[in-house]
Protein chains: 2
Amino acid sequence: MNTHSEARERVLQAAERLFAERGYIGVTVKDIAKEAGIHHASLYHHAREGKEGLFVEVMERVLRNHQAGIAEAVARGGDDLRAQLQGIADWLVSQPPMDLIRMVHVDLPAISASHAEYLEALAHEAMLEPLEEILTAAQARGQIAHPNLGHIAGGLFWAIEGLHSLPDEYLLQPRSMIASELIEVFLKGLTR
Amino acid sequence: MNTHSEARERVLQAAERLFAERGYIGVTVKDIAKEAGIHHASLYHHAREGKEGLFVEVMERVLRNHQAGIAEAVARGGDDLRAQLQGIADWLVSQPPMDLIRMVHVDLPAISASHAEYLEALAHEAMLEPLEEILTAAQARGQIAHPNLGHIAGGLFWAIEGLHSLPDEYLLQPRSMIASELIEVFLKGLTR
DNA sequence: GTCTATATAAAGATAGAC
DNA sequence: GTCTATCTTTATATAGAC
């Protein structure tokens, strides 16, 4: 394993899509093998550590990918906080749900403690810290006044990410447009 | 079954706690029986429809309980939108996570379509509609100006509910206090 | 109402042939 | 690299004794 064969890549991509959407216990090894187009026994040839090792490897990729997508959105937004936030929101709604509640309460308790700690720290670093940083930077530029930004970043993240709980049939507008309204409320407030 | 014995009530409460926290596939019948203090075979005496029937019955109770807790918080808040929102937030953080993303993407696809439809509608009615209603009422009183409140209610819900993804060790303040800051931002905005 | 015993299916995983 | 066959464990569920 750990070679870069074409079949191994198919396994990783299938696992990535499925784990990101349904989480660790919501996906079976057979589901992954089926989507990759091989027998489930063959999967162990490409992922010697089995399901848990595959999960850790793949979540690492997913989280790093989020980190990169968010960083790019931030860079494109320049010094404009609203543009940065909208870019992040567009990225998040374009990806499968990244359900950190499920991850913390369901997925991580099902794997080894050391793997769980690692993924939890990585998730924080990849998803929440970038948001916190642009808020802090905007504060330093005098664009926002709020004192306690760490938790506000989390609130912003969840307000956007929660859009994934709306089934498509319920949507009156694209998620990106709803996100835009939410960002406006975060910046300007509901009152007056 | 459907009698109101003491043992049946213990089963329902165990199932309620576990399903609410880890979802349908994250909980086994043995987990529930163990927490209720009976053998897992005995569980079928109290829940003839098995795991899925138990899940539906119990999620109904959980959602109705949320509905009642939220209604009470709203009533206590009188005509003060901030007090109403803080009451709802205090209620939500006092309960196990109600992870609607997991519910929509993981739990509901694992049960029958009719059960899934029913629970999805009930979740919307119990969790989101009350929030939407107090925003609409505040708008009618002239306290808020925003035009499109349906999705704002969802954003508010998730900003609060997302606090459950913060492990207790990460918390610098009680969740209720963080929620208070988030509500302030929703009402007044981050800028200036 | 609760248990033991058991049926049945599905899951993760390995051995070994091709 | 991929398969068939098999092992082990776990899950849901039922039958029937007490």
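No experiment lies behind these values; they were computed from the predicted model shown. By convention in this document, chain letters (A, B, ...) are assigned in the order of the sequence lines, proteins followed by strands, and residues within each chain are numbered from 1.
- A salt bridge does not link A:Arg22 with B:Asp107: none of the charged nitrogens is closer than 4.0 Å to a carboxylate oxygen.
- Screening residues 130-139 of chain A for side chain to side chain donor-acceptor pair (under 3.5 Å) gives no qualifying pairs among residues at least two apart or on separate chains.
- The distance from atom CD of B:Glu9 to atom P of C:dG1 is 12 Å, rounded to the nearest whole Å.
- Rounded to whole angstrom, the span from the CZ atom of A:Arg22 across to the P atom of C:dA11 amounts to 11 Å.
- B:Arg10 has its CZ atom 10 Å from the P atom of C:dG1, to the nearest Å.
- A:Arg102 and B:Glu21 are not joined by a salt bridge, as no carboxylate oxygen comes within less than 4.0 angstrom of a charged side-chain nitrogen.
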Checklist entry - Can you give one letter per nucleotide of nucleotides 3-18 of chain D, going 5' to 3': B for a protein heavy atom under 4.0 Å from the base, S for sugar-phosphate only, - for none? => result BB------SBBB----
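- In this entry the distance linking CG of A:Leu54 with P of C:dG12 reads 11 Å, nearest Å.
- With sequence neighbours excluded, no residue forms a ring-ring contact (aromatic ring centres under 6.0 Å, His included) with B:Tyr118.
- Going from atom NE2 of A:His45 over to atom P of C:dA13 covers 17 Å, rounded to whole Å.
- Screening B:Val74, B:Leu156, B:Leu182 for a side-chain contact (heavy atoms from CB on, under 4.5 Å) involving B:Leu85 leaves a single residue, B:Leu156.
- A side-chain contact (heavy atoms from CB on, under 4.5 Å) with A:Phe55 is found for exactly one of A:Val27, A:Ile25, A:Leu119, namely A:Leu119.
- Residue B:Arg8 contributes atom CZ, which lies 14 Å from atom C1' of C:dG1 at whole-angstrom precision.
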